[in-house]
Amino acid sequence: MEGQSRTVRRLLHLYAGLALYGASAALQVRAALGLDPWDVLHQGISRHTGVSIGLVSVAVGALVLLLWWPLRQRPGLGTVSNVFVVGLSMDATLALLPQPHGLGVRIPLLVAGVVLGGVATGLYITAGYGPGPRDGLMTGLHRRTVRSIRLVRTAIEVTVLAVGFVLGGSVGVGTVVYAVSIGPLAQFFLQLFELPKSRTEDDCVVVARGGQPVTDTAEGRAILRE
C-alpha cells in the first residue's frame, strides 16, 4: 500500500511538473523579454517554419533523444513524457494567454514564468523518472568526452542560443534573469517537494538544462561537485 501511494505521488510530481514547465515557458514567451537558450532555438525555428513553438519543442526533443543512442543513454518514463508534455502544455497555455502590452504586465509575467519554472523543476525531478532528453544529452556527452559538466553544458547552451538568435529567437534580459535565477529556485523547490526515499533509492541532483536538475545515481555526486 505504501509503495502504491508513493508511485501515485511520483506520477503526480512528474506530470504536474512537466505541465507547469510548459506553462512557465509560455509565460516567458508572452513576456517577450528573452527566453532560455533552448526556447530561443525553438522560437527561432518556429518563426521560420510556421510550426507552433510547442510542436517545435516536441520535435527537437525527439531529435535530441535520438542522439542518446550513440551515447548509450537509457531513457525513462520521465524522458519520453518530457518530449511530449512540455511542448503541448506550452502551446495550450499560449492559446489561452493573450499577448500583453506594456512592461507593467510583461515584467510580472517574466518573474512568474521563472518562478513557476523553479516549481516545475522541483516537482519533475523529485519524481525520479529520468532526465529530459536535453539533460541526458549533456550528461551523456560528459561521460563520453570526460569533460566537466559545466563545460559541456555551457558549450551546448551557447551553441543552441547562438543558432536560435540567428534564426530570430528572443534573447534579452529575460534570458539573463532565467540563467541566474533558475538554479537557486530549483534547489529550493527540490528540497520543498522532496519525497521520502525508499530503501533502494540513492538519487542525486545535477543541475542541467537552463538550471533544470536531472536525477542520477551515485555517479551524479561526482558530476555535481564539478
Side-chain angles (χ1 to χ4, degrees), residues 12-43 46 52-54 56-58 60-61 64 78-79 81-97 100 105-138 153-154 156-157 160-161 164 169-194 205-215:
L12 286 173
H13 277 215
L14 172 64
Y15 289 107
L18 290 175
L20 290 176
Y21 194 86
S24 74
L27 292 180
Q28 293 171 69
V29 170
R30 286 292 185 246
L33 293 170
L35 305 174
D36 75 85
W38 281 100
D39 282 331
V40 171
L41 175 63
H42 300 153
Q43 188 180 60
S46 175
S52 71
I53 188 172
V56 169
S57 174
V58 172
V60 170
V64 170
T79 309
S81 298
N82 185 299
V83 171
F84 296 99
V85 177
V86 173
L88 296 178
S89 172
M90 189 177 185
D91 273 352
T93 304
L94 287 171
L96 295 172
L97 190 65
V105 179
R106 291 163 58 202
I107 290 175
L109 271 183
L110 172 63
V111 173
V114 173
V115 173
L116 189 60
V119 173
T121 298
L123 286 169
Y124 168 64
I125 299 305
T126 53
Y129 278 113
R134 299 160 185 82
D135 302 319
L137 174 64
M138 181 199 68
R153 174 187 168 188
T154 299
I156 292 174
E157 295 201 348
V160 166
L161 182 65
S170 177
V171 178
V173 65
T175 308
V176 178
V177 170
Y178 187 90
V180 301
S181 302
I182 193 62
L185 285 170
Q187 189 66 38
F188 172 78
F189 286 110
L190 279 165
Q191 295 172 350
L192 182 65
F193 296 131
E194 184 177 9
V205 172
V206 182
V207 176
R209 178 197 174 194
Q212 181 177 346
V214 298
T215 54

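These numbers come from a predicted model, not from an experiment. Position 1 is the first residue of the sequence; numbering continues from there.
- Between the side chains of Thr121 and Tyr21, not a single donor N or O lies within less than 3.5 Å of an accepting N or O.
- Side-chain atoms of Arg106 never come within 3.5 Å of backbone atoms of Leu33 as a donor-acceptor pair (strictly under, hydrogens ignored).
- The minimum heavy-atom distance between Leu35 and Val40, with the atom names listed, is O-CG2, 3.5 Å.
- Side-chain N or O atoms of Tyr124 include one that pairs as donor or acceptor with a backbone N or O of Gly132 at under 3.5 Å.
- Side-chain contact between Leu161 and Leu41: absent, with no pair of heavy atoms (C-beta onward) separated by less than 4.5 Å.
- For the atom pair CZ of Arg153 and CZ of Arg134, the computed distance is 14.0 Å after rounding to the nearest 0.5 Å.
- Residues Pro100 and Leu109 have side chains in contact (heavy-atom distance under 4.5 Å, counting atoms from C-beta outward).
- For Thr154, the side chain to side chain contact (heavy atoms under 4.5 Å, CB included) partners are Val158, not counting sequence neighbours.
- The backbone N or O of Tyr178 lies less than 3.5 Å from no partner atom in the side chain of Ser181, so there is not a single donor-acceptor pair.
- Ala23 and Ser89 get closest at one heavy-atom pair: N-OG, 3.5 Å.
- Between Phe84 atom CZ and Leu88 atom CG the span is 8.5 Å, to the nearest 0.5 Å.
- A pairwise comparison of heavy atoms in Ile182 and Val114 identifies CD1-O, 4.0 Å as the closest pair.
- Residue Leu110 holds its CG atom at 6.5 Å from CD of Gln28, rounded to the nearest 0.5 Å.
- Gln43 places none of its side-chain heavy atoms less than 4.5 Å from the side chain of Val56.
- Judged purely by atom type and a 3.5 angstrom limit, Thr126 uses its side chain to pair as donor or acceptor with the backbone of Gly122.
- When every heavy atom of Asn82 is checked against every heavy atom of Pro133, the shortest pair comes out as OD1-CD, 3.6 Å.
- The shortest distance between side-chain heavy atoms of Leu123 and Tyr15 does not fall below 4.5 Å.
- Side-chain atoms of Ser46 and His42, non-hydrogen and from C-beta on, never get closer than 4.5 Å to each other.
- Taking the side chain as every heavy atom from C-beta outward, Met90 and Val29 approach each other to under 4.5 Å.
- Scanning all heavy atoms of the two residues, the minimum distance from Gly17 to Ala120 falls at O-CB, 3.2 Å.
- Across all non-hydrogen atoms, the minimal contact from Asp39 to Ala25 is OD2-CB, 3.5 Å.
- When atom types are taken as modelled, the side chain of Thr79 and the backbone of Pro131 share a donor-acceptor pair closer than 3.5 angstrom.
- Here the CG atom belonging to Asp91 is positioned 8.0 Å from the CD1 atom belonging to Ile53, to the nearest 0.5 angstrom.
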| Criterion side-chain contact (heavy atoms from CB on, under 4.5 Å) on Phe193 and Ile125, from CA distance to verdict | CA-CA 9 Å; Phe193 296 131; Ile125 299 305; over 6 Å; no
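- The NE2 atom of His13 lies 11.5 Å from the CG atom of Leu20; values are rounded to the nearest 0.5 Å.
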